[in-house]
Amino acid sequence: MAQGYDTPGEGMFAPEKVDPAVARLVELAGGGAALEFAVGTGRIAVPLAAAGVPVTGIELSEPMIARLRTKADEAAIPVTVGDMATTGVPGDFSLVYLVFNTISNLLSQAEQVECFRNAARHLGPGGRFVVELGVPDLRRLPPGQDGLVFAHREGYVGLDTFDIERQHLVSHHISFDNRREPRVIRVRQRYVWPAELDLMAQIAGFGLEARHADWQGSEFTGESRSHVSVYRLPAAG
Ligand SMILES: C[S@@+](CC[C@H](N)C(=O)[O-])C[C@H]1O[C@@H](n2cnc3c(N)ncnc32)[C@H](O)[C@@H]1O
């Protein structure tokens with residue numbers, strides 16, 4: 001996946017996706033340093049560092065880090081290999097952020113709570129933890145059905161299958177352009193409602209400072225498909 005992850009200028013790498021996220025994270029860092037959980041190939045970390053925010057990363061996948069290293073060396077963006085729910089890194093951070101639905105990659109509630117606790121451990125008083133996450137698509141699922149096509153175009157079908165009892169879904173990315181056999185990439189996730197996320201934040205000592213539907217600050221409503229939530233530790237004193 002690391003090999004095909006980057007799509008410079010397109011998809012999640014399009015300037016209209018990246019630039020508003022970077023601008024908002026610069027503002028939320030408030031002049032301090034940032035730690036990205038699951039930094040990947042540096043889609044956000046590289047432009048955020050270029051904007052003047054010192055960025056450190058934690059990442060589980062060494063192939064993803066190798067891609068990042070083609071863009072930024074260890075001195076520019078230090079990265080520790082490890083699990084974002086448990087790994088500690090040195091440094092003083094005013095901001096921890098976890099974008100692109102990646103908290104869902106932790107497959108149990110306990111691990112997701114640990115992730116919030118780990119964010120809190122890296123922050124001082126008034127520090128912020130920003131989470132970007134989709135709203136579960138369950139309203140589109142009729143009773144008795146457990147699968148949904150979430151995207152389709154020539155040569156590609158995206159299908160989500162749900163295990164509602166476990167609060168899991170598997171996204172199947174099926175590509176069949178010019179191939180005899182389709183290529184299928186499956187990603188298992190634990191989906192989370194905003195209210196459950198708020199409770200996890202509370203357990204770790206955070207309060208909800210802001211929630212918007214996107215990085216530009218659009219109002220979050222009952223129709224929003226995703227959210228950017230800003231959690232904050234109490235200020236000192
Ligand atoms: C969708 S990518 C997001 C990467 C990057 N944050 C971005 O916005 O492009 C998800 C990343 O999370 C990493 N990941 C998954 N589970 C992780 C964990 N428990 N701890 C650290 N990284 C993890 C994957 O290796 C992958 O690089």
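We count ligands from 1, going down the list as the structure has it; atoms in each ligand are counted the same way.
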| query | For Ala204, does its backbone N or O pair with a side-chain atom of Arg117 as donor and acceptor, under 3.5 Å? | reply | no
| request: Would you mind listing which atoms of ligand 1 come within a distance below 4.0 Å of any non-hydrogen atom of Ser61? | output: 25 (O)
| Minimum-distance protein heavy atom relative to atom 24 (C) of ligand 1 | Glu59 OE2, 3.3 Å
| message | Within the 3.5 Å criterion, strictly below it, is a donor on Arg183 or Tyr156 matched to an acceptor on the partner's side chain? | response | no
| Top protein contact for atom 20 (N) of ligand 1, by heavy-atom distance | Met84 N, 2.9 Å
| Do any N or O atoms from the side chain of Asn118 and from the backbone of Thr87 form a donor-acceptor pair under 3.5 angstrom? | yes
| Looking only at atom types and distance, does a side-chain atom of Gln189 sit under 3.5 Å from a main-chain N or O of Tyr191, one as donor and one as acceptor? | no
| field | Protein contact to atom 14 (N) of ligand 1 [nearest heavy atom, distance to 0.1 Å] | value | Ala38 CB, 4.0 Å
| What atoms of ligand 1 come closer than 4.0 angstrom to any heavy atom of Val99? | 6 (N), 8 (O)
| Among protein heavy atoms, which sits nearest to atom 15 (C) of ligand 1, and what does the distance come to when rounded to 0.1 Å? | Asn105 ND2, 3.5 Å
| query | Can you tell me the protein heavy atom closest to atom 8 (O) of ligand 1 and the distance? | reply | Arg43 NH2, 3.0 Å
| For Thr102 and ligand 1, does the shortest N/O to N/O distance drop below 3.5 Å? | no
| message | Does this structure show an ion pair linking Glu62 with Arg69, if we count only N-O contacts that are shorter than 4.0 Å? | response | no
| said: For atom 18 (C) of ligand 1, what is the closest protein heavy atom, and at what distance to 0.1 Å? | reply: Leu60 CD2, 3.7 Å
| request: Please examine the side chains of Phe176 and Val157, heavy atoms only from C-beta on, and report whether any two atoms are closer than 4.5 Å. | output: yes
| note | Atoms of ligand 1 under 4.0 Å from any heavy atom of Gly40, numbered from 1 in the order shown, are 4 (C), 27 (O)
| query | Just by modelled atom types, is the Gly134 backbone N or O under 3.5 Å from a matching donor or acceptor in the Asn101 side chain? | reply | yes
| field | Taking atom 19 (N) of ligand 1 as the reference point, the nearest protein heavy atom with its distance | value | Asp83 OD1, 3.0 Å
| said: Whether the side chain of Gln112 engages the backbone of Leu106 through a donor-acceptor N/O pair (distance < 3.5 Å, no angle test) should be reported. | reply: yes
| remark: For Met64, the ligand 1 atoms with a heavy-atom partner under 4.0 Å come out as 27 (O)
| said: With a heavy-atom distance limit of 4.0 Å, tell me whether Glu36 approaches ligand 1 through its side chain, its backbone, both, or neither. | reply: side chain
| What's the shortest distance from atom 9 (O) of ligand 1 to any protein heavy atom, and which residue and atom give it? | Tyr5 OH, 2.5 Å
| field | Carboxylate-amine/guanidinium contact Glu196 Arg190, below 4.0 Å | value | yes
| task | Tell me, with the steps shown, if Asp6 and Lys71 meet side-chain contact (heavy atoms from CB on, under 4.5 Å). | result | CA-CA 12 Å; Asp6 285 13; Lys71 304 172 222 173; 2.6 Å; yes
| message | Once you restrict to heavy atoms under 4.0 Å, what part of Val39 touches ligand 1? Side chain, backbone, both or neither. | response | backbone
| field | Distance filter under 4.0 Å to Leu106 heavy atoms, resulting ligand 1 atoms | value | 19 (N)
| Any donor and acceptor pair, going by atom type alone, linking the side chain of His122 with main-chain N or O of Val89 inside 3.5 Å? | yes
| task | Using a strict cut-off of 4.0 Å, indicate which atoms of ligand 1 neighbour a heavy atom of Gly82. | result | 20 (N), 21 (C)
